[in-house]
Protein chains: 2
Amino acid sequence: MKIGQLSAATDTNVETIRYYERIGLLPHPARTDAGYRSYDESHRSRLAFVRHSRDLGFTIDEIRSLLDLSDHPDRDCSEADLIASRHLEQVERKIAQLSGLRDELSRIVGRCRGGLAGDCRVIDALADHSHCGHAHQGPVTL
Amino acid sequence: MKIGQLSAATDTNVETIRYYERIGLLPHPARTDAGYRSYDESHRSRLAFVRHSRDLGFTIDEIRSLLDLSDHPDRDCSEADLIASRHLEQVERKIAQLSGLRDELSRIVGRCRGGLAGDCRVIDALADHSHCGHAHQGPVTL
DNA sequence: CTTGACCCTGTAGTTGCTACAGGGTGCATA
DNA sequence: TATGCACCCTGTAGCAACTACAGGGTCAAG
């Protein structure tokens with residue numbers, strides 16, 4: 001299997017596959033005479049594992065640990081459970097944070113009837129009004 | 001006001017303030033003889049506007065547009081409303097995506113009773129099982 | 001006069017990719 | 001045989017929005 005076929009089989013960008021190899025998430029595959037990467041089923045399933053983990057929002061470092069456990073079936077698996085449950089907590093915190101944003105945003109939008117920016121409620125709400133019961137929480141990434 | 005005081009007054013990292021200046025979000029302030037940045041109330045309120053917008057998850061580019069409107073009170077403010085409602089939609093989409101993750105993660109965690117990684121349900125769930133009714137959605141950022 | 005807190009510039013690191021530039025390979029077709 | 005064209009290679013730079021130095025200058029207190 002060449003990289004393009006692995007890419008199609010796992011729905012992963014070719015550049016991403018090379019990136020995962022570079023950072024040590026995937027092993028260096030064999031090469032053809034022409035220097036092309038040559039993959040087999042074990043590479044495919046490892047990459048599928050990585051993809052599924054990324055889809056669930058695990059970081060590269062967490063995936064490294066999970067892969068390590070997966071490579072050593074004799075180890076205790078409580079670490080995997082710990083990683084996953086910590087991650088679940090983070091996802092829940094993020095949902096709570098975004099729900100707060102959503103509530104504040106929906107209070108803001110739809111209040112302008114095409115007037116001038118000078119008395120726009122949207123602009124106004126973003127200006128400095130510490131009295132409006134809004135708890136400062138620091139920048140957020142979507 | 002020196003940068004450290006502005007930093008304290010707006011709960012913003014000093015480096016972040018200089019960064020905002022560099023990318024043109026804040027104006028270049030006056031300087032003291034020693035070359036120290038010297039801020040006044042107008043800088044403080046502009047930075048507060050930026051911070052509040054970032055807290056609500058607006059991107060730097062969106063904030064640029066919002067600041068621009070705020071600087072021109074004679075403009076039509078429907079653009080501000082558009083920016084905010086588009087952003088609200090994005091936040092709602094993100095919440096939906098994360099809720100999906102949360103559901104799948106909670107199905108996965110807590111199923112391991114300290115056994116060996118070889119038959120760990122967590123590891124197992126991350127391996128390749130396209131039959132489990134999981135819709136592929138691509139990597140997510142928290 | 002020295003200590004420590006603050007300030008300056010400029011550059012590099014973070015995360016997880018993505019996008020070239022500039023080249024080589026392999027196969028089908030004119 | 002030439003010549004496209006799709007694919008592969010390496011290496012580097014870019015994205016967002018900061019954050020973290022390194023290596024220096026300034027200022028007030030003790």
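Convention: sequence-line order gives letters A, B, ...; per-chain numbering from 1.
- Atom CD1 of Ile63(B) is separated from atom P of dC18(D) by 8 Å (rounded to the nearest Å).
- Asp61(A) places its CG atom 7 Å from the P atom of dG16(C), with the value rounded to the nearest Å.
- Nucleotide dC7(C) holds its C1' atom 14 Å from the CG atom of Leu6(B), rounded to whole Å.
- One can place OH of Tyr19(B) at 4 Å from C1' of dA17(D), the figure rounded to the nearest angstrom.
- The nearest whole Å value for the distance from the CZ atom in Phe58(B) to the P atom in dC18(D) is 14 Å.
- If you check dA17(D), dG26(C), dC27(D) against the side chain of Ala34(B), the one that comes closest is dC27(D).
- Whole-Å rounding puts the Leu25(A) CG to dT15(C) P distance at 13 Å.
- What separates CD1 of Ile60(B) from P of dC15(D) is a distance of 14 Å, to the nearest Å.
- Note on Tyr20(B): only backbone sugar-phosphate atoms sit closer than 4.0 angstrom, heavy atoms only; bases stay farther off.
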Could you pull out the protein-nucleic contacts involving nucleotides 4-8 of chain D (nitrogen or oxygen on both sides, under 3.5 Å)?
{"residue": "dC8(D)", "atom": "OP1", "partner": "Gly4(A)", "partner atom": "N", "Å": "2.6"}

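- Following rounding to the nearest Å, Glu15(B) (CD) and dT11(C) (P) show an atom-to-atom distance of 15 Å.
- Residue Thr59(A) is classed as a sugar-phosphate contact, given heavy-atom separations below 4.0 Å to backbone atoms only.
- Both Arg22(B) and Thr32(B) lie near DNA chain D, and the one whose nearest nucleotide falls closer to the 5' end is Arg22(B).
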